[in-house]
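Step one of this worksheet: look at the structure below.
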Amino acid sequence: MPDSTSRESRESRESRESTASSEPTYDAVVVGAGFAGLYTLHSLRRRGLTVRLFEAGDGVGGTWFWNRYPGARCDVDSADYSYSFDDDLQQEWVWTERFPAQPEILRYLEHVADRFGLREDITFGSRVTSAHFDDASGLWTVTTDSGDTVTARWTVMATGPLSSARIPDIAGLATFTGEIHHTANWPEQGVDFRGKRVGVIGTGSSGVQAIPVIAEQAAELTVFQRTPGFVLPARNRPLGPGELAEIKADYPARRQLQRQSHGGWILPPPVGLALETAPDVRIKEYETRWAAGGLAFQTTFGDVMTDATANETAAEFVRSKIRETVSDPVTAEVLCPKGYPLGSKRVCVGTDYYETFNRGNVELVDLRATPIEEIVSEGIRTDAGVHELDAIVFATGFDAMTGALGAIDIRGRDGVTLRDTWEAGPRTYLGVSVAGFPNLFVLAGPGSPSVLSNVVVSIEQHVEWVIGYLDHMRSTGARFAEATLEAQDEWVEHVTGIAVGSLYMQADSWYLGANVPGKPRIFMPYLGGVGNYRNLCAQIAADGYRGFSTTTELG
Ligand code: NA7
């Protein structure tokens, strides 16, 4: 942590300087010190630009700083969920498990920050509250909740697609006398659940990871489930030194494959089409992927994610596994996901998730049958009665993709706010630029592959593309860059055009904003695939940044 006294005095000086001159305090401001922000800071500095990064947390890591809940783990292979931009870095770092746990990813990002000396340009404990573009000076003024005010030519929002945690508005929440936690805002020192009666609300990826670990510690665990998910076994395991060495030796080819793949990671190819495969062979293939663990199950066959009937064969296989695993048939049935296609809500990857419901200290509450009425001082009341609790864990997710940006008062040309511009849903060009907001870049934003991909691969592509654009601007003397309205409209139409008619539209998912009451129902990420998207972005750059207005004066 920087010394806060010296930081304050330095920054009030910066504030004075920035208002006294039309020169910006910094060339660029970056918001957020997760995977995206750290790489952006590093890349901008390598160009000799002055940068200030503001981070709300007291350390680097972004998602992996905040989500410290028990069992938190990535469900992309560690060797792939890592930066590729520096070969020494990828060669020297030792991943210990197939799927890295939160502390290991956080240590990795801390190592990256130290290795490249990034902390000196980061202000920690400082949440950006506003970013206003000034038409007269052509600069952004960025302010934070700790009193910083700086100006910059460029602002890069590396605020994360899953960073605005949501606690649902349940009546009586404030009356609860026990502990309340959200998985995405977990205390650094951990939580001791020993001897306690714990309630977990939410069974998405976070709940699925936390529930088995909390069940081992708590005296009693009550799981409040609204929509059962499809939970695939992780089959996590230690990575042997030989295995990691083999991956490292092959990194150039592996990274290239990742970049050109659909999802940004390397999955075994589909073994044909489910609907053209005999039922007994189909089951055998599902068994093989189930035994291997991880997300590869979802693409056992090429038509699982495109054809509802094919999808149902995979869904039914998962349900058969749940019925086989969970001893109480009533509980098993409540855990069986029905009524929406596998994968249309984010598939979860877990360890001993279904097995946990065979424990004597775990109870499942089906909120579809007995909805939560209110939270009372001693616990949660459903219409079947009160569940007495000492602690409530909200694993209730995020205001995804737009929440973190919406929390900042962002104003572009003529004082127009991003909130108003996106009132009917987010509109971007390539997920990276918004018409009317010059020199503002969004990383892994709505309209890009982002959450549908190995996000580290998508982040690296976005950062490198933005840096390439800045290089282009500097070499041509251009000062302003923004999407044209026309290109943005076409892109939004393209993004929604791919989603409409896909299986993804058949579930109430956070991809669609359906988890946030009142949020416009728009499919936010780009379904076209990481490789296609990358090639398209490269082509747009080669075409002189087609669809962008790149100018020396504001038009
Ligand atoms: P998710 O996937 O949004 O899961 C949130 C869970 O919380 C989900 O089961 C929700 O049920 C449930 N939820 C939300 N609000 C309520 C209320 N009001 N009452 C009961 N249950 C509720 O968030 P995660 O943190 O697990 O994962 C987010 C992503 O992070 C994940 O997909 C990975 O990409 C990484 P619902 O399904 O809405 O009925």
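First listed ligand is number 1; within each ligand, the first listed atom is number 1. Atom set for the values below is all heavy atoms of this structure, side chains included, hydrogens, waters and symmetry mates excluded.
- One finds the OG atom of Ser84 at 6.0 Å from the CD atom of Gln90 (value rounded to the nearest 0.5 Å).
- Contact annotation: for Leu162 versus ligand 1, heavy atoms closer than 4.0 Å belong to the side chain alone.
- Here the protein heavy atom with the shortest distance to atom 23 (O) of ligand 1 is Gly397 CA, 3.1 Å.
- Taking a cut-off of under 4.0 Å to the non-hydrogen atoms of Thr203, the atoms of ligand 1 that pass are 6 (C), 8 (C), 9 (O).
- In this structure, Arg359 is not positioned above the aromatic face of Phe357 in the sense of NZ or CZ being under 6.0 Å from the six-membered ring centre and within 45° of the axis.
- Note that CZ of Arg107 is 12.0 Å distant from NE2 of His111, once rounded to the nearest 0.5 Å.
- For ligand 1, the atoms lying closer than 4.0 Å to a non-hydrogen atom of Ile201 are 20 (C), 21 (N).
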Query raised in the report: Does the pair Arg237 and Glu243 meet the rule for a salt bridge (Lys or Arg N to Asp or Glu O under 4.0 Å), with working shown?
Result: CA-CA 12 Å; Arg237 56 180 169 72; Glu243 192 177 356; 3.1 Å; yes

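- Atoms of ligand 1 found under 4.0 Å from any heavy atom of Lys345, numbered from 1 in the order shown, are 36 (P), 37 (O).
- Of the candidates Gly229, Ala165, Ser206, it is Ser206 that places a heavy atom closest to atom 26 (O) of ligand 1.
- The shortest separation from a heavy atom of Leu367 to ligand 1 is under 4.0 Å, placing the residue in contact.
- Atom 34 (O) of ligand 1 has as its closest protein heavy atom Arg346 NE, 3.4 Å.
- Using the six-membered ring where Trp is involved, Tyr81 and Phe35 have ring planes that are perpendicular, over 60° apart on the 30 and 60° scheme.
- Among Thr227, Val365, Thr396, the residue whose heavy atom lies nearest to atom 13 (N) of ligand 1 is Thr396.
- Using modelled atom types, no side-chain atom of Arg381 and backbone atom of Val386 make a donor-acceptor pair closer than 3.5 Å.
- Nearest non-hydrogen protein atom to atom 2 (O) of ligand 1 is Trp510 NE1, 3.5 Å.
- The protein heavy atom nearest to atom 17 (C) of ligand 1 is Arg226 NH1, 3.5 Å.
- Counting heavy atoms under 4.0 Å from ligand 1, residue Pro168 touches it through the side chain alone.
- The shell of residues lying under 4.0 angstrom from ligand 1, judged by heavy atoms, excludes Gln225.
- Atom numbering of ligand 1 starts at 1 in the shown order; those under 4.0 Å from a heavy atom of Gly204 are 2 (O), 4 (O), 6 (C), 8 (C), 9 (O), 26 (O).
- Side-chain contact annotation: Tyr69 with Gln209, donor-acceptor N/O pair under 3.5 Å present.
- Under 4.0 Å from ligand 1, the heavy atoms of Ala395 that appear belong solely to its backbone.
- Atoms of ligand 1 lying under 4.0 Å from any heavy atom of Gly202, numbered from 1 in the order shown and given with element: 6 (C), 7 (O), 9 (O), 12 (C).
- Checked by atom type, the side-chain pair Arg534/Ser458 shows no donor-acceptor distance below 3.5 Å.
- Residue contacts with ligand 1, taken as heavy atom pairs separated by less than 4.0 Å, do not involve Ile170 at all.
- Counting only N and O atoms by type, the side chains of Thr351 and Arg73 include no donor and acceptor under 3.5 Å apart.
- In this structure, Leu527 CG and Ile498 CD1 are separated by 6.5 Å, a value rounded to the nearest 0.5 Å.
- Protein heavy atom at the shortest distance from atom 31 (C) of ligand 1 is Ser205 OG, 3.4 Å.
- Looking at Thr370, Val393, Ile380, Thr396 one by one, the single match for side chain to side chain contact (heavy atoms under 4.5 Å, CB included) with Phe224 turns out to be Ile380.
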